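The structure appears below as structure tokens.
Computed from a predicted model, the values in this text were never measured in an experiment.
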Amino acid sequence: MGTHRIFGHVPGYREGYEFSSRLDLSASGVHAPRQAGISGSQREGADSIVLSGKYEDDEDHGNLLIYTGHGGRDPESGKQVTDQELVRNNLALALSCQKGLPVRVIRGSDPGNPFAPPEGYRYDGLFRVEDYWRETGRSGFTVWRFRLRKIDQE
DNA sequence: TCCATGCGCGGCC
DNA sequence: GGCCGCGCAGTGG
């Protein structure tokens, strides 16, 4: 499946399409990983991300996102417990920034986020990674942050 | 290899 | 019905 990574819209799934679960989302090809928030590879770049509201340093401003890289979290508490590194899918997102590749954004339900769907997951269109940097997160550990802005459609 | 922004279920109120 | 904690599962990066 990883041999045919699609950048941009996946045929048959327009912006606003809703999925009931990560399994459905995975089967569609809009976001293949069943758990991970970032889909991509270090060689090609990242093609999609999921926002679920579970990363303490994430910010959702609608057309502007600050997305946190992965890694360094305690699986039980969800808190950052070590520094994140620019490897694996964090590096894939950085590559998407350098190449200017479109990234599909999927939002998962999140009661605290007015931009999130009430339930399940929703494809919210294409964004570009404008910038990325390393900083100290709320936890005090290093996190990688990615700023994504929605691509205007005509 | 090992991790990953799940998920269902049962207990409890 | 809703919340929460537990632990299993299965695949792609």
Side-chain angles (χ1 to χ4, degrees), chain A residues 1-8 10 13 17-99 101-127 129 132-150:
Chain A
M1 195 82 87
T3 56
H4 298 291
R5 184 182 308 287
I6 295 174
F7 289 90
V10 172
Y13 298 94
Y17 195 99
E18 295 183 344
F19 302 89
S20 61
S21 68
R22 285 295 296 262
L23 277 172
D24 290 340
L25 182 58
S26 177
S28 74
V30 172
H31 185 84
R34 295 168 70 166
Q35 288 186 230
I38 305 169
S39 172
S41 72
Q42 297 189 180
R43 191 175 64 80
E44 300 172 281
D47 59 316
S48 60
I49 61 171
V50 173
L51 280 81
S52 71
K54 293 180 180 170
Y55 267 59
E56 61 192 8
D57 294 307
D58 279 1
E59 295 175 27
D60 190 345
H61 304 287
N63 291 339
L64 181 68
L65 313 173
I66 308 295
Y67 192 77
T68 309
H70 70 108
R73 303 211 322 163
D74 173 36
E76 292 182 19
S77 67
K79 298 292 182 186
Q80 294 297 141
V81 291
T82 58
D83 293 337
Q84 291 186 348
E85 297 177 71
L86 193 60
V87 296
R88 303 188 189 204
N89 282 331
N90 294 343
L91 195 51
L93 269 174
L95 190 55
S96 288
C97 179
Q98 292 161 21
K99 289 182 165 186
L101 294 170
V103 177
R104 290 183 299 279
V105 169
I106 298 94
R107 286 189 175 93
S109 62
D110 176 7
N113 181 0
F115 299 106
E119 58 189 12
Y121 296 84
R122 186 185 62 216
Y123 174 44
D124 282 341
L126 301 175
F127 286 62
V129 185
Y132 64 94
W133 64 93
R134 187 178 67 183
E135 67 179 44
T136 301
R138 292 188 193 184
S139 61
F141 293 97
T142 296
V143 294
W144 283 91
R145 312 192 76 191
F146 301 87
R147 187 173 73 238
L148 294 94
R149 192 176 299 275
K150 192 157 193 227

* What nucleic acid atoms does A:Ser21 come within less than 4.0 Å of, heavy atoms only: base, sugar-phosphate, or nothing? -> sugar-phosphate
* Rounded to the nearest 0.5 Å, what separation is found between the CZ atom of A:Arg104 and the OG atom of A:Ser39? -> 7.0 Å
* When the P atoms of C:dG7 and B:dT5 are considered, how many whole Å apart are they? -> 22 Å
* **Nucleotide B:dC2, atom P - distance to CZ of A:Arg73 in whole Å** => 21 Å
* Please give, in whole Å, the distance from B:dG6 P to A:His70 NE2? -> 14 Å
* Asked: Under 4.0 Å between a side-chain N or O of A:Lys54 and OP1 or OP2 of B:dG6?
  -> yes
* **Minimum-distance nucleotide to A:Gln35 side chain [options: C:dG13, C:dA9, B:dT5]** => C:dA9
* Atom pair distance, as rounded to whole Å: NE2 in A:His31 and C1' in B:dA4 -> 9 Å
* A:Arg134 atom CZ, over 12 foreign heavy atoms within 6.0 Å -> no
* To do: Would you mind telling me which of C:dG13, B:dC7, B:dT5 lies closest to the side-chain atoms of A:Arg5?
  => C:dG13
* Asked: For DNA chain C, which residues in residues 83-98 of chain A have a heavy atom at a distance below 4.0 Å?
  -> A:Arg88, A:Asn89
* Residue pair A:Lys79 / A:Glu56: nearest heavy atoms and the distance that separates them -> CD-OE1, 3.5 Å
* To do: Answer yes if the ring centres of A:Tyr123 and A:Phe19 are under 6.0 angstrom apart, and no otherwise.
  => no
* To do: Remember a base hit wins even if backbone is also touched, and classify A:Gly53 as base, sugar-phosphate or nothing at under 4.0 Å, heavy atoms.
  => base
* Asked: Is any side-chain heavy atom of A:Leu65 closer than 4.5 Å to a side-chain heavy atom of A:Leu51?
  -> yes
* Round to the nearest Å and state the distance from A:Arg107 atom CZ to B:dG6 atom P. => 15 Å
* Asked: Whole-Å distance between B:dC7 P and A:Leu25 CG?
  -> 9 Å
* Between A:Glu59 and A:Arg145, is there a side-chain N and carboxylate O pair less than 4.0 Å apart? -> yes
* Structure fact -> A:Ile49 atom CD1 is separated from B:dG6 atom C1', nearest whole Å, by 18 Å
* Asked: Which part of the nucleic acid, if any, lies within reach of A:Gly29 when heavy atoms closer than 4.0 Å are counted: base, sugar-phosphate only, or nothing?
  -> nothing
* Counting side-chain heavy atoms from CB outward, which of B:dG6, B:dA4, C:dG13 is closest to A:Ser39? -> C:dG13
* Neighbour count above 12 (heavy atom, 6.0 Å) for A:Glu85 CD -> no
* Hey, does the side chain of A:Tyr121 come within less than 4.0 Å of B:dG6's phosphate (OP1/OP2), counting only N and O? -> yes
* Asked: Can you give the dot-bracket line for DNA chain C, using ( ) for pairs inside the strand, [ ] for pairs that cross earlier ones, | for pairs with another strand and . for unpaired bases, where Watson-Crick and G-U count if both distances are under 3.5 Å?
  -> ||||||||..|||
* Structure fact -> Atom CD1 of A:Ile38 and atom P of B:dC3 are separated, to the nearest Å, by 16 Å
* Asked: Over how many whole Å does the gap from A:Asp24 atom CG to B:dG6 atom P extend?
  -> 14 Å
* Might you confirm whether atom CD of A:Glu119 has over 12 heavy atoms from other residues, nucleotides or ligands at distances under 6.0 Å? => no
* Asked: Can you tell which of B:dC7, B:dT5, C:dG12 lies closest to the side chain of A:Arg22?
  -> B:dC7
* **Ring-face cation of A:Arg73 near A:Tyr55 (centre distance under 6.0 Å, axis angle within 45°)** => yes
* Structure fact -> Taking B:dG6, C:dT11, C:dG13 as options, the one with an atom nearest any side-chain atom of A:Arg34 is C:dT11
* To do: Tell me yes or no: between the side chains of A:Asp58 and A:Thr68, is some donor less than 3.5 Å from an acceptor?
  => yes
